[in-house]
Student: 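My structure is below; once you've seen it, I'll send some questions.
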Amino acid sequence: MSILKVARMGHPVLRTRARALDVGEVRSAMFQTLIDDMIATMIEYEGIGLAGPQVHEGVRLFVAGMESGHEKMRVVPFINPVITPVGEETVDGWEGCLSIPDIRGKVPRFKHVVVKALDRRGQPFELDLSDFPARVVQHETDHLDGTLFFDRIKDFRSLTYLEEYGRYHAEREEE
Ligand code: ZN
């Protein structure tokens, strides 16, 4: 497995809509390696999600950790994801991004979503997600459309560097 280079904000690949994948491509050895490399890269840089365009691959794939806390994180690949909000409730919550290092900001997202995608074998699956995991898949799916979390911020006064986030904001905001 390889650790991939992560594109940072300003690189045009982050602003380009990624293309959909077909099942044959998904099952190819090259694509399976890409999934494994993206998981390794996400873990190496302590991210909770990583999307294709962030590693210079313009394809509709992201990987995301679907459990937080002390359990070993399960990293799930999502291919051609489609998100449908359940209800209209939105919540503000902290986000960061491996393509915008060392910054945190508060972003409104749908509280509850259903995500449909293909798994790494090309089989359809569906997840019903609320709160933080719902936030993660919305953030990652945005990457596939060339959208960064800065674009979603309503109030830029929440922006903070990571060090100051840890010092002044992290504990208070734990849900
Ligand atoms: Zn991101």
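We number each residue from 1, following the sequence as shown. Just so you know, ligand 1 is whichever comes first in the structure, and atom 1 is the first atom listed for that ligand. Fair warning: this is a prediction, and the values are worked out from it, not measured in the lab.
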Student: Quick one: salt bridge (charged side-chain N to carboxylate O under 4.0 Å, His left out) pairs with a partner in residues 7-18, sequence neighbours left out?
Tutor: Arg15-Asp151, Arg17-Asp145
Student: Fit a plane to each ring of Trp94 and His169, take the angle between them on a 0 to 90° scale, and name the class: parallel (under 30°), tilted (30 to 60°) or perpendicular (over 60°).
Tutor: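 The rings of Trp94 and His169 sit tilted, inter-plane angle from 30° to 60°.
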Student: Under a 4.0 Å N-O cut-off, is there an ion pair linking Glu95 with Arg152?
Tutor: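 A salt bridge is absent here (no side-chain N lies under 4.0 Å from a carboxylate O).
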Student: Check Ala40 against Ser2 and note the closest heavy-atom contact, atom names and distance.
Tutor: CB-O, 4.2 Å
Student: Given side chain to side chain contact (heavy atoms under 4.5 Å, CB included), test Ile79 with Arg60 step by step and report yes or no.
Tutor: CA-CA 6 Å; Ile79 294 148; Arg60 301 188 82 76; over 6 Å; no
Student: Is Val82 linked to Val114 within one hydrophobic cluster, defined over Ile, Leu, Val, Met, Phe, Trp and Tyr using a side-chain heavy-atom separation of less than 4.5 Å?
Tutor: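 Different clusters.
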Student: Which protein N, O or S atoms does the Zn ion (ligand 1) have within a distance shorter than 2.8 Å?
Tutor: Cys97 SG, His139 NE2, His143 NE2
